[in-house]
Amino acid sequence: MTSKLFAKLPPDLNPQNLPQHVAVIMDGNGRWATRRGLPRIAGHRQGAKTLKELLRCCKDWGIKALTAYAFSTENWRRPIEEVDFLLHLFERLLRRELTQMHREGVRISFIGDLSLLPKSLQTEMQRSMAQTLYNQAIHFTVAVNYGSRNEIIKACRELAELVQQGELKPQQINESLVAQHLYTTDTPEPDLLIRTSGEMRLSNFLLWQLAYTEIYFTDIFWPDFDRTAFHQALLSYQKRDRRFGQIQASA
Ligand code: FPP
């Protein structure tokens with residue numbers, strides 16, 4: 001119902017002031033399920049549908065990039081059945097949705113330490129990234145086994161090696177060089193971060209990249225985060241005065 005109603009950009013949103021890149025921390029799947037007397041995995045299954053719908057919505061409304069935090073380096077500490085379910089869910093969805101996403105012009109990227117994931121999942125991930133590399137409609141990035149501190153350590157090590165090999169001087173290290181050694185090297189920084197379920201923290205997500213990002217928290221559990229909820233988030237974003245440390249927002 002809502003998807004028909006909001007197929008086009010709602011008229012109260014200014015198309016000139018949309019975030020180009022939205023990042024989401026999809027929180028509250030477990031609680032959504034528990035409140036309905038369902039197993040936690042039912043929340044993840046529903047959460048995946050919500051993510052798919054948000055991707056379509058971003059595309060419909062002209063937002064060029066969406067990044068989702070699907071599995072953190074800390075999530076391995078969950079019960080083995082839940083971890084297994086999530087990893088299988090990613091693989092199943094990739095197999096099922098890739099053709100359609102490719103047809104719709106979605107470029108898919110995965111960020112995180114993918115080397116620790118099951119081999120069959122890694123294969124699907126590499127295949128989908130290669131196949132969709134040149135798609136232009138929207139850049140969809142999924143963070144899996146991702147931790148921002150690990151990512152920054154990785155960048156430090158790579159730069160230290162370049163210094164050690166004599167290819168770089170320590171004083172040449174600057175923000176842009178560090179950014180080039182993060183997983184997100186070819187993606188502009190997010191303009192808007194949304195975290196659902198009432199939690200108000202970053203949980204080791206894109207710590208470097210979020211330096212000037214607007215943050216929007218909502219109590220809604222992720223599986224219920226529909227177009228209406230996203231519309232609210234964008235209305236809030238459009239009221240912000242983004243100054244990037246200056247006195248007046250640049251035009
Ligand atoms: C957080 O909710 C959610 C996760 C750790 C998993 C997110 C994964 C999905 C939504 C599936 C996405 C699918 C693809 C293909 C990327 P929680 O379990 O921490 O909820 P709780 O805080 O209520 O326990």
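As the structure lists them, so they are numbered: ligands from 1, and atoms in each ligand from 1. Hydrogens, waters and symmetry mates play no part in the numbers below; they use all other heavy atoms, side chains included. Count residues from 1 along the sequence.
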So Ser120 and Glu91, side-chain hydrogen bond (donor to acceptor under 3.5 Å, both in side chains) or not? Walk me through it.
CA-CA 8 Å; Ser120 56; Glu91 191 169 332; 3.0 Å; yes
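Between the side chains of Thr99 and Arg103, no donor-acceptor pair of N or O atoms lies under 3.5 Å.
Among protein heavy atoms, the minimum distance from atom 10 (C) of ligand 1 is reached at Asn29 ND2, 3.3 Å. Nearest protein neighbour of atom 19 (O) of ligand 1, counting heavy atoms only, is Arg78 NH2, 2.7 Å. Nearest protein heavy-atom neighbour of atom 4 (C) of ligand 1: His44 CE1, 3.9 Å. If you check which protein heavy atom lies closest to atom 15 (C) of ligand 1, you get Leu93 CD1, 3.5 Å. Protein heavy atom nearest atom 6 (C) of ligand 1, with residue, atom name and distance: Ala70 O, 3.4 Å. Atom 24 (O) of ligand 1 has as its closest protein heavy atom Arg40 NH1, 2.9 Å.
Remark: ligand 1 atoms within the under-4.0 Å shell around heavy atoms of Asp27 are 1 (C), 2 (O), 17 (P), 19 (O), 20 (O), 22 (O). Which parts of ligand 1 touch Leu51 is read off a 4.0 Å heavy-atom cut-off, strictly below it: atoms 16 (C). Interface atoms of ligand 1 facing Met26, defined by a heavy-atom separation under 4.0 Å, are 1 (C), 2 (O), 3 (C), 7 (C), 8 (C), 9 (C), 10 (C). Listed by number with element, the atoms of ligand 1 under 4.0 angstrom from any heavy atom of Val142 are 16 (C). Listed by number with element, the atoms of ligand 1 under 4.0 angstrom from any heavy atom of Arg31 are 21 (P), 22 (O), 23 (O).
Between the side chain of Asp60 and the backbone N or O of Cys57 there is no donor-acceptor pair closer than 3.5 Å. Under the 3.5 Å distance criterion, the side-chain polar atoms of Lys64 are matched with a main-chain donor or acceptor of Ala137. Although no hydrogens or angles enter the test, the distance criterion places no donor-acceptor pair under 3.5 Å between the side chain of Glu82 and the main chain of Pro79. Between the side chain of Asn204 and the backbone N or O of Arg149, at least one donor-acceptor pair lies under 3.5 Å. Looking only at distances, no side-chain donor or acceptor of Ser197 sits under 3.5 Å from a matching main-chain atom of Phe221.
Only the side chain of Asn75 comes within 4.0 Å of ligand 1, judged by heavy-atom distances. With a 4.0 Å cut-off on non-hydrogen atoms, Glu199 does not touch ligand 1 at all.
The shortest N/O to N/O separation between Phe90 and ligand 1 does not fall below 3.5 Å.
At least one heavy atom of Gly28 sits less than 4.0 Å from an atom of ligand 1.
Taking 4.5 Å as the limit, some side-chain heavy atom of Leu206 sits within range of a side-chain heavy atom of Tyr146.
By the 30° and 60° cut-offs, the orientation of the rings of Tyr69 relative to Phe205 is parallel.
Linking Ile, Leu, Val, Met, Phe, Trp and Tyr residues whenever their side-chain heavy atoms come within less than 4.5 Å leaves Leu210 and Val22 in two separate clusters.
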